[in-house]
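Input: a single structure, listed below in structure tokens.
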Amino acid sequence: MKLVVVSAGLSVPSSTRLLADRLAAATGRYTSVDVQVVELRDLAVEIAHNFTSGFPGRALSAALEAVTQADGLIVVTPVFSASYSGLFKSFFDVLDQDALTGKPVLIAATGGSARHSLVLEHALRPLFAYLRAVVVPTAVYAASEDWGAEGLAERIDRAAGELARLMEGLGSGAGTVRRADVADTAGAADKADAAVVVDTNTAAAIAPRSLDGALASADRFTVIPFEQQLAALRP
């Protein structure tokens, strides 16, 4: 399987790249992966030109293709102004909006203080949820004081294991509902009338309400009606 690591670190050496490498190495201990690293620092000029010209340069085009074809992603950004860096966001702005649909993604960040750790949940997770990626439950934040301290290695290992299991599960098709299968079964069902079907072993897939009965009978799935999801979000 192909694992692509996107690092938005700016300095050399970079703690962001160091965290990215450790996450990739840990994932490789759980499953066999072919790792490719995309250093956004080297693509900054081409990313800027893409915004003004509408066309990616050769290196940027290769990076976008690698991300699109990957079986899984590890994305790591430094924290700037309590969020991901502009370079990090710009790269995913020029990526095709459907490129990450259903793709397992491990999110991580580095910063000078532990006070910025919530950037993972307030910025990165919503971004990749919007891009319809399957974000692993454990995100990894490394502050300056975390390097060499107790706890970081365990978080890296847990997140890497979750990513590896998702890549294996989604790659084999186990525990997922393919979009083509959903379309064939649903027929002309109203697309807005849908429920979220959660695979309790791997990730989430989307299926129309007409599939509720069939999927609810499977031990590995729990059907959560859309109305119930909305109710849970209300104060």
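Residues: numbered from 1 along the sequence shown. Keep in mind the model is a prediction, meaning the values are calculated, not measured.
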Task: Heavy-atom pair with the smallest gap, counting every atom of Ala129 and Val135 - done: N-CG2, 4.5 Å

TODO: Applying side-chain contact (heavy atoms from CB on, under 4.5 Å), name anything that partners Ser83, two or more places apart in sequence or on another chain.
DONE: Ala123

Task: Test side-chain contact (heavy atoms from CB on, under 4.5 Å) applied to Leu118 - qualifying residues, sequence neighbours left out - done: His122

- [ ] Determine whether Tyr141 and Phe128 fall in the same hydrophobic cluster, where Ile, Leu, Val, Met, Phe, Trp and Tyr are linked whenever their side-chain heavy atoms lie under 4.5 Å apart.
- [x] yes

- [ ] Write down the atom of Val79, the atom of Ala109, and the distance for their closest heavy-atom approach.
- [x] CG2-CB, 4.1 Å

TODO: Assess whether atom CZ of Phe55 is packed by more than 12 heavy atoms of other residues, nucleotides or ligands within 6.0 Å.
DONE: no

TODO: Kindly compute the distance separating OG1 (Thr138) from CD1 (Ile156), expressed to the nearest 0.5 Å.
DONE: 12.0 Å

Task: Interatomic spacing from CG in Leu120 to OG1 in Thr77 - rounded to 0.5 Å - done: 10.0 Å

TODO: Heavy atoms only: give me the nearest Val4-Ala70 pair and the separation to one decimal.
DONE: CG2-CB, 3.5 Å

Open item on the list: Nearest 0.5 Å, please: how far is CG in Leu163 from CD in Glu168?
Closed with: 10.0 Å

Name each donor-acceptor pair under 3.5 Å that joins a side chain in residues 90-98 to protein atoms two or more places apart or in another chain, with its distance.
residue : atom : partner : partner atom : Å
Ser90   : OG   : Gly86   : O            : 2.8
Asp93   : OD1  : Lys89   : NZ           : 2.7
Asp93   : OD2  : Lys89   : NZ           : 3.3
Asp96   : OD1  : Asp98   : N            : 2.9
Asp98   : OD1  : Arg132  : NH2          : 2.3

TODO: Return the set of residues passing salt bridge (charged side-chain N to carboxylate O under 4.0 Å, His left out) with Glu65 (not counting sequence neighbours), or none when no residue passes.
DONE: none

Open item on the list: Going by side-chain contact (heavy atoms from CB on, under 4.5 Å), name the residues that satisfy it together with Ala24, two or more places apart in sequence or in a different chain.
Closed with: Leu3, Val5, Val35, Ile74

Open item on the list: For residues 44-62, which residue pairs pass the side chain to side chain donor-acceptor pair (under 3.5 Å) check, not counting sequence neighbours?
Closed with: none

Open item on the list: To the closest 0.5 Å, what do you measure between CE (Met1) and OG1 (Thr31)?
Closed with: 3.5 Å

Open item on the list: Which residues pass the side-chain hydrogen bond (donor to acceptor under 3.5 Å, both in side chains) test with Tyr30, not counting sequence neighbours?
Closed with: Asp157

Task: Minimum-distance pair of heavy atoms, taken over all atoms of Ala143 and Ser113 - done: CB-C, 3.7 Å

TODO: Kindly state each residue pair satisfying salt bridge (charged side-chain N to carboxylate O under 4.0 Å, His left out) with at least one member in residues 134-153, sequence neighbours excluded.
DONE: Asp146-Arg155

Task: Within one Ile-Leu-Val-Met-Phe-Trp-Tyr cluster: Val38 and Ile47, side-chain cutoff 4.5 Å - done: yes

- [ ] Kindly compute the distance separating CH2 (Trp147) from CG (Leu19), expressed to the nearest 0.5 Å.
- [x] 4.5 Å

Open item on the list: Strictly by salt bridge (charged side-chain N to carboxylate O under 4.0 Å, His left out), give each pair with a member in residues 99-124 just once, sequence neighbours left out.
Closed with: Glu121-Arg125

Open item on the list: Quick check on the hydrophobic clustering: are Leu64 and Val45 connected, directly or via other members, by side-chain heavy-atom contacts under 4.5 Å?
Closed with: no

Open item on the list: Starting from Leu23, can I reach Leu166 by hopping between I/L/V/M/F/W/Y residues whose side chains sit under 4.5 Å apart?
Closed with: yes

TODO: Name all residues meeting the side-chain contact (heavy atoms from CB on, under 4.5 Å) criterion together with Ala149; count only those two or more places apart in sequence or in a different chain, and write none if there are none.
DONE: none

- [ ] Look up atom CG in Leu127 and atom CZ in Phe88, then write down how far apart they are to the nearest 0.5 Å.
- [x] 6.5 Å

Under 3.5 Å, which donor-acceptor pairs do the side chains of residues 8-16 form with other protein atoms, sequence neighbours left out?
residue : atom : partner : partner atom : Å
Ser11   : OG   : Pro13   : O            : 3.0
Ser14   : OG   : Thr16   : N            : 3.1
Ser14   : OG   : Arg17   : N            : 3.2
Thr16   : OG1  : Thr110  : OG1          : 2.7

- [ ] Without swapping roles, check the side chain of Asp71 against the backbone of Lys2 for a donor-acceptor pair under 3.5 Å.
- [x] yes

- [ ] Group every Ile, Leu, Val, Met, Phe, Trp and Tyr by side-chain heavy-atom contacts under 4.5 Å, then state whether Val67 and Val37 land in the same group.
- [x] no

Open item on the list: With heavy-atom distances below 4.5 Å as the criterion, would you say the side chains of Arg165 and Val136 are in contact?
Closed with: no

Open item on the list: Would Leu40 and Val6 count as a side chain to side chain contact (heavy atoms under 4.5 Å, CB included) here? Give the steps.
Closed with: CA-CA 7 Å; Leu40 298 187; Val6 178; 3.8 Å; yes

